[in-house]
Amino acid sequence: MQLDSVRSLIDADMQAVDALIRRRLDSDVVLIRQIAEYIIGGGGKRLRPALVLLAAGALGYQGAHHHELAAVVEFIHTATLLHDDVVDESDLRRGRKTANAEFGDAASVLVGDFLYSRAFQMMVGVQSMRVMQVLADATNTIAEGEVLQLLNAHNASIDERVYLDVVRRKTAKLFEAAAQLGAVLGKADAALEEGLATYGRHLGTAFQLIDDVLDYSGDAAETGKNIGDDLNEGKPTLPLIRVIQRGSAEDAALVRRAIEEGGREGFESVLEAIRHTDALAYAREKAEQEVRLACEALSPLANSKHKQSLLELARFAVERSY
């Protein structure tokens, strides 16, 4: 499933957001411009800014602040990518060298900080305390999730509940905030705002669970990242947790050791253990459950092309191959 139909509805808005992003990246510090343009210009699905635009459109918003907030959300997301790639020592993202591999760790971290601070400058311009509250809460929760993920690296003892808590903080929270911002701009009542936030939270969780699946089954040319990166970094993602919980004693011990030691040496053996346990099918079903909950949360929203696109985006989250 592709994003073409969703993108066509908001194409003009996305072009305006992209133009705004490039204007707001301007700095008289050359290295900031170079790195920021490198990472933003590297493409990406732009799902989070699309969520702001679609949610605002579904509520009939007619102003221009949705462009500003869509750009803010993308800046926050990009800042987290810069920091994540340094922490994870990643060298490939979206099919090309990561910014830290190209420019160095220190420069990547500092430009990530610049993007965070520029995002807060921009959100102040919207002059909405509710917007500030949503985004301040989101960035704080994301930071907590990043620290929890770091603490859980090489920890083969975490269970599914703990792992999903990290996912909801680190990844799903920005999806949640993006959809909620559209509701705030559209002056939705409290119940509808919560419905859109719930949609975003479950959508983001599903998105991460499919990322977990693709790390063991995807095509590097499509995903734009090295297959097996999670295992290399000692990340106990859901497919591995499932093997430890439900696999044979031999497979569980193998996966436990692979998480604790990290690296790629046992990758093929881990893949076999995952197949024995149908762990990828299990993770996909969990993602499907999240998508069903996301779509149910939109039931109070009036029918429109924008609502339909939100539903299509949920399907894309679980049917994608990249």
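Side chains included, hydrogens not; waters and symmetry mates left out as well; all remaining heavy atoms used. Along the sequence shown, the residues carry numbers beginning at 1.
- His65 pairs by the side chain to side chain donor-acceptor pair (under 3.5 Å) definition with nothing, not counting sequence neighbours.
- Pairs of residues two or more places apart, or lying in two chains, that qualify as side chain to side chain donor-acceptor pair (under 3.5 Å) and include a residue from residues 138-153 are Glu144-Arg169.
- Scanning for salt bridge (Lys or Arg N to Asp or Glu O under 4.0 Å) contacts around Arg33 gives an empty result, with sequence neighbours left out.
- For Ala206, the side chain to side chain contact (heavy atoms under 4.5 Å, CB included) partners at least two apart in sequence or on another chain are Ala287, Glu290, Val291, Val318.
- With sequence neighbours excluded, no residue forms a side chain to side chain donor-acceptor pair (under 3.5 Å) with Arg7.
- Screening residues 174-185 for side chain to side chain donor-acceptor pair (under 3.5 Å) gives Lys173-Glu176, Glu176-Arg201, Gln180-Glu193 as the qualifying pairs, with residues at least two apart or on separate chains.
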Which pairs would a plain distance check flag for residues 296-304, meaning a side-chain donor or acceptor within less than 3.5 Å of a matching protein atom at least two apart in sequence or in another chain?
from	atom 1	to	atom 2	distance (Å)
Ser299	OG	Glu296	O	2.9
Ser304	OG	His306	N	3.3
Ser304	OG	Lys307	N	3.0

| message | side chain to side chain contact (heavy atoms under 4.5 Å, CB included) for Leu271 and Arg275? Distances and angles first, verdict last. | response | CA-CA 6 Å; Leu271 278 181; Arg275 293 188 188 108; 3.9 Å; yes

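- Taking the side chain to side chain donor-acceptor pair (under 3.5 Å) definition, one finds that Glu68 meets it with Arg24, sequence neighbours left out.
- Using cut-offs of 30° and 60° for the angle between ring planes, the Tyr116 and His83 rings count as tilted.
- One finds a salt bridge joining Glu37 and Arg22 here, because a Lys/Arg side-chain nitrogen approaches an Asp/Glu carboxylate oxygen to under 4.0 Å.
- Inter-residue side-chain proximity for Val17 and Val52 is flagged as unmet; no heavy-atom pair is nearer than 4.5 Å.
- Considering every non-hydrogen atom in both Tyr216 and Thr237, the closest pair reads CE1-OG1, 3.9 Å.
- Remark: Glu261 pairs with no residue by the salt bridge (Lys or Arg N to Asp or Glu O under 4.0 Å) rule, at least two apart or across chains.
- Here Leu20 is tied to no hydrophobic group at all, with no ILVMFWY side chain closer than 4.5 Å.
- Taking each heavy atom of Val270 and Leu254 in turn, the nearest pair found is N-CD2, 4.0 Å.
- Ion pairing of Asp211 with Arg320 is present here, as a side-chain N (NZ or NE/NH1/NH2) and a carboxylate O approach within less than 4.0 Å.
- Scored by the salt bridge (Lys or Arg N to Asp or Glu O under 4.0 Å) test, Asp88 finds Lys235 as partners (sequence neighbours excluded).
- Listed by chain and number, the residues in a side chain to side chain donor-acceptor pair (under 3.5 Å) with Glu288 are Arg315 (sequence neighbours excluded).
- Under the 6.0 Å cut-off for aromatic ring centres, Tyr322 and Phe316 qualify, their centroids lying closer than that.
- A salt bridge links Arg292 to Glu285: at least one charged side-chain nitrogen sits closer than 4.0 Å to a carboxylate oxygen.
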